[in-house]
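Residue numbering restarts at 1 for every chain, and letters A, B, ... go by the order of the sequence lines.
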There are 2 protein chains.
Amino acid sequence: MKPTIYDVAEKAGVSIATVSKVINNTGKISDKTKRKVLKVMEEIKYQPSVVASALTGKKTNTIGFLIPDIANPFHAEMARSVEDRGHELGFSVVMCNTDSNPEKEAQYLEWLQRKSVDGIILGSGTQNDASLKELIEQKIPAALIATDIPSLSVNAVLIDDFLGGYQAITHLISLGHKNIAFIAGSLNNVMERERLRGYKQALEEAGIEFNRHNLLVNNFSFDDAKRSMKMLTESGERPTAVFAFNDLLAIGAIHGAKEAGLKIPDDLSVVGFDNTILAAINDPPLTTIAQPIQDMGRKVTDLLIEQIKDDHTVKQRVVLLPELIVRQTTSPPKI
Amino acid sequence: MKPTIYDVAEKAGVSIATVSKVINNTGKISDKTKRKVLKVMEEIKYQPSVVASALTGKKTNTIGFLIPDIANPFHAEMARSVEDRGHELGFSVVMCNTDSNPEKEAQYLEWLQRKSVDGIILGSGTQNDASLKELIEQKIPAALIATDIPSLSVNAVLIDDFLGGYQAITHLISLGHKNIAFIAGSLNNVMERERLRGYKQALEEAGIEFNRHNLLVNNFSFDDAKRSMKMLTESGERPTAVFAFNDLLAIGAIHGAKEAGLKIPDDLSVVGFDNTILAAINDPPLTTIAQPIQDMGRKVTDLLIEQIKDDHTVKQRVVLLPELIVRQTTSPPKI
DNA sequence: CTGAAAGCGCTAACAG
DNA sequence: CTGTTAGCGCTTTCAG
């Protein structure tokens with residue numbers, strides 16, 4: 001059996017209360033007995049049980065992290081930075097892949113509560129506003145990353161998606177493009193709608209009319225993007241540039257364009273979003289709008305853990321600014 | 001406050017023992033009282049505390065998952081399949097990024113034990129054999145994925161790395177290549193050494209002598225691979241083909257080669273390993289040795305959970321076979 | 001400074 | 001069938 005607090009108390013000739021105090025550095029214990037207890041703990045390799053201490057009302061030092069899919073590089077990089085920061089601060093993180101499915105989401109949330117996690121981070125793709133609301137009502141610390149729910153008072157770290165879209169399109173326009181497509185995902189969340197708004201705004205400022213045919217909605221999949229792009233090249237006045245919802249879709253579009261015989265960037269300029277590893281290793285390297293993933297993960301973890309330690313901290317919404325990374329998939333149109 | 005078992009007992013007019021029995025479906029309870037209790041649980045939104053039940057010796061339904069870096073697509077895809085299967089079977093998974101650092105590894109292991117996880121999966125890159133040994137001695141269920149420690153009796157799921165290396169090189173030789181480089185990582189684990197052995201064996205069978213200069217050891221980084229490749233192209237008799245330890249390194253090599261003015265695959269054939277998303281989206285699509293990542297993740301999770309449920313199950317080492325996926329980065333040498 | 005004792009929410013005999 | 005009760009390992013008053 002694993003040694004318990006009783007074992008060390010007995011072996012050290014003190015009471016369990018004393019042992020508890022030296023473990024937690026509370027109360028006043030003489031140096032002498034403190035040393036003795038510490039020594040015994042070493043000897044019998046005693047490890048306090050988090051389960052038992054949690055039952056008395058202390059923290060579990062565990063947080064939940066919900067994202068649609070950890071196999072998606074954007075989410076994986078986010079997970080890495082959240083876990084890193086959590087680890088630094090003494091917290092474990094439970095990974096939950098929701099597939100953006102509200103039912104799965106609700107189930108994870110229930111499990112996490114039953115396991116008494118100290119708090120929960122909801123990543124982009126959170127669908128189930130209702131369950132988040134419940135979380136907040138039950139005073140479970142929660143924070144959002146890369147997404148926002150304007151109607152709720154909750155810590156959130158996100159980027160200015162409007163600006164991201166605006167930057168991408170402004171860049172393309174400055175290169176001389178006028179016919180620019182937008183390859184979106186489902187278009188059913190604020191994030192995407194904001195980027196679309198940025199897209200439209202940039203067009204408008206340049207006096208270019210929005211063309212409904214240039215707005216492609218697909219299913220967040222590589223193959224969809226490829227197919228969409230191919231179709232687009234066959235349309236009458238094909239765009240000379242495309243802005244994709246993320247790097248994966250951008251690369252899908254590039255593949256589709258290449259299959260149709262187009263050269264990148266000469267025949268088609270492409271801008272991605274996120275600046276994941278995919279953008280860096282693409283050939284040619286992908287021009288993209290960078291989200292500061294590391295900072296976002298770190299910041300949201302800090303906010304959540306602050307809230308866990310003191311529930312009266314004032315909530316905040318931290319908006320980081322995206323940055324245009326010009327690489328080699330954009331150039332003036334050659335037409 | 002969250003409702004407890006006492007709250008439902010009181011409201012339903014029964015004892016907590018009865019409530020406990022309906023929760024766990026143990027003992028014999030009349031349909032009538034069962035329904036009544038269930039109804040009350042619904043009404044007050046009662047959720048049994050995993051912490052409390054764990055304290056009485058029951059499972060926490062949580063497992064730990066150690067890998068070097070979830071931001072690495074290979075690990076991320078593995079994590080996804082482990083978490084998926086865990087979720088199906090009712091287990092949460094705690095993600096731990098070790099950076100292959102033995103101290104971090106040991107610390108995670110300690111935390112996980114203090115949190116009473118039911119079992120632990122160790123991914124490739126596990127460095128600290130000693131702490132794994134301790135785990136086993138303490139009868140904590142553990143299982144290995146994509147790695148093996150021959151001296152320990154522990155469930156493991158891995159691929160035949162020797163065969164993988166052999167397949168890659170045989171493919172290249174069959175295309176007519178004779179001068180083939182191997183871009184390795186650190187070369188300090190069985191996995192890599194096995195692949196190297198496969199490489200050598202294939203060469204030997206073809207009557208090609210092993211050339212020490214064709215073995216490049218780097219640091220698992222994209223840039224290292226790129227640099228290595230560039231150097232290689234400047235050497236006297238540059239290889240006409242290269243086999244890399246994983247897809248990322250293979251793509252790094254491709255970038256290096258392209259910078260040196262080589263065309264892929266005409267001037268240089270490249271074979272990767274893992275068949276991650278990187279291989280599929282590379283341009284040209286990367287020929288690679290596929291690991292059945294989904295199956296591995298699922299299988300190792302099954303083995304671990306079986307062991308959790310019954311510690312007397314016989315341990316096994318499941319060796320899956322890698323598969324050569326020929327795409328477009330390999331062709332006969334044009335020299 | 002140190003220890004006795006109550007209690008956290010739940011499970012598992014054991015009685016009835 | 002249902003309830004009483006003794007823990008699980010730890011924290012926290014409250015006395016001494």
Quiz item: Should the pair K39(A)-E43(A) be classified as a salt bridge under the 4.0 Å nitrogen-to-oxygen rule?
Solution: yes
Quiz item: Are D7(A) and K11(A) close enough for a salt bridge, meaning some N to O gap below 4.0 Å?
Solution: no
Exercise. Compute whether any side-chain donor of one residue and acceptor of the other, for Q113(A) and Q138(A), lie under 3.5 angstrom apart.
Key: yes
Quiz item: When you check the phosphate oxygens OP1 and OP2 of dC1(C), does a side-chain N or O of T18(A) lie under 4.0 Å from one of them?
Solution: no
Exercise. Take atom CD1 of I29(B) and atom C1' of dA12(C), then tell me their distance rounded to the nearest Å.
Key: 13 Å
Quiz item: For K21(B), which contact category applies under a 4.0 Å heavy-atom criterion: base, sugar-phosphate, or nothing?
Solution: base
Exercise. Would you check if there is a donor-acceptor pair between the side chains of S53(A) and T56(A) at a distance under 3.5 Å?
Key: no
Taking only N/O atoms, report every protein-nucleotides 5-9 of chain C pair under 3.5 Å with atom names and distance.
residue	atom	partner	partner atom	Å
dC8(C)	O2	L55(A)	O	3.4
dG9(C)	N2	A52(B)	O	3.3

Quiz item: With nearest nucleotides of DNA chain D determined for S15(B) and N24(A) from heavy-atom distances, which residue corresponds to the more 5′ nucleotide?
Solution: S15(B)
Exercise. Please work out if S20(A) contacts a base, only the sugar-phosphate, or nothing of the nucleic acid, heavy-atom cut-off 4.0 Å.
Key: base
Self-check item: Any side-chain donor near an acceptor of the partner, H312(B) and Q307(B), under 3.5 Å
Solution: no
Quiz prompt | N25(B) CG to dC1(D) C1', straight-line distance once rounded to whole Å | solution = 15 Å
Quiz item: Want to settle it: does V50(B) or V14(A) sit nearer the 5' end of DNA chain C, counting the closest nucleotide to each?
Solution: V14(A)
Self-check item: Whole-Å distance separating the CG atom of D31(B) from the C1' atom of dT2(D)
Solution: 15 Å
Quiz item: T26(B) near the nucleic acid: base, sugar-phosphate alone, or nothing, with a heavy-atom cut-off under 4.0 Å?
Solution: nothing
Practice problem: Would you mind reading off the distance between I23(A) atom CD1 and dG3(C) atom P, rounded to a whole angstrom? | Solution: 14 Å
Practice problem: Take the protein atom NZ of K36(A) and the nucleotide atom P of dC1(C), then report the distance between them rounded to whole Å. | Solution: 14 Å
Quiz prompt | Integer-rounded Å distance: dA12(C) P and K59(B) NZ | solution = 11 Å
Self-check item: Over 12 foreign heavy atoms within 6.0 Å of NZ, K315(A)
Solution: yes
Quiz item: Between T60(B) and K115(B), is any side-chain donor less than 3.5 angstrom from a side-chain acceptor?
Solution: no
